[in-house]
2 protein chains.
Amino acid sequence: MAKTPSPSPSPAGSGSSSGSIQVIDRLTVLLEGIARHRDPVSLKVLAADAGLHPSTAFRILAAAIENGLVAREGSHYRLGIRLLQWGSRVASHRDLRREARPLMEALRDKIGETVNLTVRQGDEVVYLDRALPERMMRVEQRIGSRAPLHVTAVGKLMLGEGSETDCREYARRTGLPGYTRYSFTDEEQLVQHVSGCVRAGFAYDDEEAETGVGCIGVLVHDDAGQIVAGLSISAPIERRRDEWIELLKDTARALSAGSVTR
Amino acid sequence: MAKTPSPSPSPAGSGSSSGSIQVIDRLTVLLEGIARHRDPVSLKVLAADAGLHPSTAFRILAAAIENGLVAREGSHYRLGIRLLQWGSRVASHRDLRREARPLMEALRDKIGETVNLTVRQGDEVVYLDRALPERMMRVEQRIGSRAPLHVTAVGKLMLGEGSETDCREYARRTGLPGYTRYSFTDEEQLVQHVSGCVRAGFAYDDEEAETGVGCIGVLVHDDAGQIVAGLSISAPIERRRDEWIELLKDTARALSAGSVTR
DNA sequence: CGCCATATTTCGCATTGTGAAATCGATTGC
DNA sequence: GCAATCGATTTCACAATGCGAAATATGGCG
């Protein structure tokens, strides 16, 4: 080992993420690469995307296939069915989703718009589940996808429930990137706005994440008062109604009540 | 290399699957181990389950955590949120699920029982999606879970649509394990029964997978006549009604009609 | 306060995964 | 129909990578 006079070939180009086991990092990058594309992807593209030698990518994918993490269609790769199983087993929040589902569907049927269930994960909200209405135009988030706190209704409430310092730190840390011309990008304004939302007990998202989309969000607490999740309605902004606020609050209350403390 | 007087430590206990990359196999076994348990699991248990040395399991889990595949709660491990994302992105069948969802919900509302969407995967059916009724007692399959073909209504139809030889080979290959006292365990009887199901255009499952549970299953075909999926109703056996057969067939037809060929 | 049971870290070793290059196979153009 | 081309697989020699025994931290309990 003392040898290695060779110009340490390891770091490669991409730099990529710091992980402790090379193969697992690479596997993750590959899976991520497959997930990014809508349709099955060729080896060539995957290898290039991941910054790997084709033969290396091939070997790793072959191993992934044997384990059901990846499947192939001809010579194109797609995510394997085993991920479906694991995805539905992600244990945390499992009971939450179970509890929430019927309530969300009931609300959706009442108002005819998309209802989302989210949780905080670092500086983002993650979409845990949703109930979609059957109409041509609707707002649809992919389960598992993420969005920054400051451009979502629920996220702003989560920011507001922490201390003002936390909120300011979030602002510094992320630089408050703007997504539309309505996004908050100024720390002072955000802090102000956010505390108003908390006082009101709900938050709007006025086209802050995507132009044309308006949301209403509320928080779900457990018995101890801790934030458990967020519940929101997303709709084309011109269809949004203030009557929904109370319905949404009711749903959140029902969910809070029934929630297992865990 | 000539050394290693130790009794070739590689194959470990579990035997498990033969894969091409050791770490990936092990990672899979570990994830599977976490998924099997309802609650977060300790390192000790995981390592033992997977037949790995604790330090090895620890290292692999640490790498998995860095990549978001696993999360920890104290010193217990659970599946990471990234799996949620991937799970919802499993591309194959995505359009199918999307198409099927509203039809399944409509059927569920009409009959008040669980409606399942399944696809074949080797010698098993995999539960892709389901619509659950809101009642105390209901049948519930986890999304992504699997069951052998010969103990499910849809599975028997899938067996029947192949050649008789295929069915017999399946019987030999699997040995037709029995799950309840009603399961088919005899090759001859199965072949017989299965072809009857196909002729009828639907199949019952009379407590063959689980005592007390009865199902009705039909197949969904595409324009080319290929099997795309299976649709079934699962209910406590004494609540099952034959009127559902036509409703189920209607739903399958609607799904077949609307289905994108690929 | 000290004991036991887990979790985590260290470290030398050889097994494992690596990637360049060679082969295979299918498609395209001539 | 044949060569040329491009991508997917396989081979192979090498050393970097991941391995696991043992040592060390941590922490829960009597």
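The shown structure was predicted, so the numbers you read here are calculated from the model rather than taken from an experiment.
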I'd like to know if the side chain of R168(B) and the backbone of Y170(B) have a donor-acceptor N/O pair within less than 3.5 Å. no
Residue whose closest nucleotide on DNA chain C lies nearer the 5' end, I24(B) versus S75(B): S75(B)
Taking the side chain of K44(B) as heavy atoms from C-beta outward, which of dT9(D), dT6(C), dG18(D) is closest to it?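 Minimum distance to the K44(B) side chain belongs to dT6(C).
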[X] [atom1] to [N] [atom2]: how many Å, rounded?
X: Y77(A); N: dT9(D); atom1: OH; atom2: C1'; answer: 9 Å
X: L46(A); N: dT9(D); atom1: CG; atom2: P; answer: 12 Å
X: L43(A); N: dG25(C); atom1: CG; atom2: P; answer: 17 Å
X: I21(A); N: dG20(D); atom1: CD1; atom2: P; answer: 11 Å
X: I60(A); N: dT16(C); atom1: CD1; atom2: C1'; answer: 12 Å
X: D25(A); N: dA16(D); atom1: CG; atom2: P; answer: 18 Å
X: L52(B); N: dT8(C); atom1: CG; atom2: C1'; answer: 16 Å
X: F58(A); N: dT18(C); atom1: CZ; atom2: P; answer: 14 Å

Report yes if at least one side-chain N or O of [X] is closer than 4.0 Å to OP1 or OP2 of [N]; otherwise report no.
X: H53(B); N: dA21(D); result: yes
X: R72(B); N: dT8(C); result: yes
X: R26(B); N: dT16(C); result: no
X: T56(B); N: dG20(D); result: yes
X: Q22(A); N: dA16(D); result: no

With hydrogens left out and only the distance checked, is there a donor-acceptor pair under 3.5 Å joining S55(B)'s side chain and the base of dA21(D)? yes
Among side-chain atoms of H37(A) and D49(A), is any donor-acceptor pair under 3.5 angstrom?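 Yes, a side-chain donor-acceptor pair sits under 3.5 Å.
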Sequence neighbours excluded - ring pair (Phe, Tyr, Trp, His ring centres under 6.0 Å) pairs with any residue from residues 44-71 of chain A: none
Starting at the 5' end of DNA chain D, which residue's closest nucleotide do you reach first, V23(A) or P54(A)? P54(A)
Pairwise 5' ranking along DNA chain D for R59(A) and H76(A), keeping only the more 5' one: H76(A)
Locate the shortest heavy-atom distance separating A147(A) from Y127(A); write the atom from each residue and the value.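 Smallest heavy-atom distance, with atoms named: CB-CE1, 4.4 Å.
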Looking only at non-hydrogen atoms, find the nearest pair between V228(A) and H221(A) and report the distance. CG2-C, 3.8 Å
